[in-house]
Amino acid sequence: MRKRLLRLLPWLVTGGLLFWVFRRIPLEKVAAEMHHAAGWTVPVLLACVVAVYLADSFAIWKTFGWFLTRMSLADVLLVRGATYLLAAINYNVGQGAIGYFVHRTAGTTIMRGIATTLLVLGTNVLALLFLATAGLTVAPAVPTMVKILVAVAWAGLAIYVVLVALRPKWLDRPVFEVLLNAGLGGHARALAVRIPHITALVVFQFAALHAFGIRVPLVDALATLPVIFLVAVLPISVQGLGTTQATMVFFFARYAPGDAAAQEAAVVAASLVAQAIALGFQGLLGIICLKSRVGRALQASTKAQAAVSPADPGTPARAT
């Protein structure tokens with residue numbers, strides 16, 4: 001029953017947030033705003049999504065090559081494409097699929113694969129934190145909540161840096177091995193190759209907003225978009241639906257033209273169109289990649305993973 005409730009919770013959160021959004025902002029207003037999108041919206045946003053995929057795969061290729069085992073870039077592109085679809089169906093499977101695939105094909109330990117995946121996720125957060133901080137230094141006015149979240153994140157980072165530097169004995173566990181052995185230099189390298197991915201994400205959302213006439217200054221976008229990305233990838237909603245729209249309305253409605261209702265409708269329209277384009281591309285890419293040699297091996301790995309660990313199958317979440 002507990003597992004069923006945990007699986008149901010993201011659907012309830014998504015449904016509740018979307019109900020709140022569309023009760024506050026009539027659906028017909030959102031649909032009307034979609035017709036006001038610039039003519040270049042679909043091709044430009046699709047190009048941005050492709051750039052996100054390529055940059056993400058490049059970062060994974062380099063990080064796994066440094067800290068786990070070397071793989072060809074072509075294989076990483078196929079695996080990453082396939083995991084977009086797997087993550088849409090099952091969040092935990094999508095997150096652990098690459099590490100388990102490498103374990104099955106290259107003989108690395110499962111725990112080291114998990115540890116490398118944690119490093120990849122951690123550098124994602126670091127890149128978002130640095131980007132948000134840079135935006136705060138030049139943004140004229142951002143919500144106080146953003147400043148508080150960034151300050152809390154910096155406090156957490158300080159604790160993490162101290163732990164990596166001191167390496168206390170209670171952290172001497174296989175799951176932390178890669179994180180501790182990477183050191184500050186290894187973290188810096190992993191962060192450096194992650195920057196293009198985060199940059200592509202920012203450009204994607206920035207372009208989507210401007211396609212609907214929402215003229216967000218670049219410095220304000222740099223300060224607030226990382227917070228939206230962090231909220232969107234939390235496994236508390238289905239594919240980030242609901243959470244993304246609610247946070248984007250909170251941060252960006254004031255930059256849209258028209259009255260309050262039109263402003264909020266424009267932001268929701270921009271968010272939904274961008275998310276639909278991204279999910280459409282990722283779903284099609286996932287189907288293609290799963291039919292490849294690497295994709296079939298990945299499917300076999302995930303089936304073996306499920307057989308070894310028949311625990312909570314996880315929570316669907318947005319593929320980023």
Side-chain angles (χ1 to χ4, degrees), residues 10 13 17 52 55-56 59-60 63 67 91 95 114-168 170-171 175-176 178-180 182-206 209 216-237 240 242-252 271 315 317-320:
V13 171
L17 285 173
V52 169
D56 187 19
I60 292 172
T63 305
F67 302 106
Y91 179 73
Q95 289 296 308
I114 293 173
T116 307
T117 302
L118 289 176
L119 179 61
V120 170
L121 297 175
T123 53
N124 267 332
V125 175
L126 280 177
L128 293 173
L129 174 59
F130 292 157
L131 186 61
T133 303
L136 284 177
T137 60
V138 292
V142 294
T144 303
M145 182 185 296
V146 176
K147 298 177 182 178
I148 294 174
L149 289 173
V150 169
V152 171
W154 273 107
L157 176 60
I159 295 172
Y160 179 75
V161 169
V162 170
L163 291 176
V164 170
L166 296 180
R167 301 189 62 162
W170 56 271
L171 279 180
V175 71
F176 300 121
V178 171
L179 297 173
L180 296 176
L184 298 180
H187 281 75
R189 283 192 297 163
L191 176 63
V193 297
R194 180 55 57 181
I195 294 298
H197 173 225
I198 301 301
T199 301
L201 282 172
V202 170
V203 171
F204 169 61
Q205 290 291 354
F206 189 73
L209 290 168
V216 183
L218 180 58
V219 291
D220 288 19
L222 291 176
T224 53
L225 279 174
V227 178
I228 293 171
F229 294 154
L230 288 173
V231 172
V233 298
L234 292 174
I236 59 173
S237 65
T243 52
T244 300
Q245 285 69 47
T247 52
M248 289 191 71
V249 166
F250 177 78
F251 287 126
F252 297 134
S271 175
T315 301
R318 186 180 69 91
T320 304

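Along the sequence shown, the residues carry numbers beginning at 1. None of these values were measured; they are calculated from a predicted model. What you see below is based on every heavy atom in this structure, not just the backbone, and it leaves out hydrogens, waters and symmetry mates.
Residues His197 and Asn124 approach most closely at ND1-OD1, 3.7 Å, considering heavy atoms. Shortest non-hydrogen contact noted between Phe206 and Leu218 is CE1-CA, 3.9 Å. Here the closest non-hydrogen pair linking Phe67 and Ala182 is CE2-CB, 3.7 Å.
For the pair Thr224 and Phe252, the minimum side-chain heavy-atom distance is below 4.5 Å. You'll find the side chain of Phe229 reaches within 4.5 Å of the side chain of Val202, heavy atoms only. At least one side-chain heavy atom of Leu119 sits less than 4.5 Å from a side-chain heavy atom of His187.
In this view, Ala153 and Leu129 satisfy the side-chain contact (heavy atoms from CB on, under 4.5 Å) rule, not counting sequence neighbours. With sequence neighbours left out, Phe176 forms a side-chain contact (heavy atoms from CB on, under 4.5 Å) with Leu171, Arg173, Leu179, Leu180. Applying the side chain to side chain donor-acceptor pair (under 3.5 Å) test to Thr63 and every residue at least two apart in sequence or in another chain returns nothing. By the side chain to side chain donor-acceptor pair (under 3.5 Å) test, Thr199 pairs with no residue at all, sequence neighbours left out. For Leu126, the side-chain contact (heavy atoms from CB on, under 4.5 Å) partners are Phe130, Leu157, Leu191, not counting sequence neighbours. Checked against side-chain contact (heavy atoms from CB on, under 4.5 Å), Leu166 has the following partners two or more places apart in sequence or in another chain: Val162, Pro168. Legend: residues meeting ring pair (Phe, Tyr, Trp, His ring centres under 6.0 Å) with Phe204, ordered by chain and number and at least two apart, are absent.
Between Ile198 atom CD1 and Leu225 atom CG the span is 11.0 Å, to the nearest 0.5 Å.
Evaluation of the salt bridge (charged side-chain N to carboxylate O under 4.0 Å, His left out) test over residues 156-166, restricted to residues two or more places apart or in two chains, returns none. Sorted by first then second residue, the salt bridge (charged side-chain N to carboxylate O under 4.0 Å, His left out) pairs that include residues 183-201, not counting sequence neighbours, are Asp56-Arg194.
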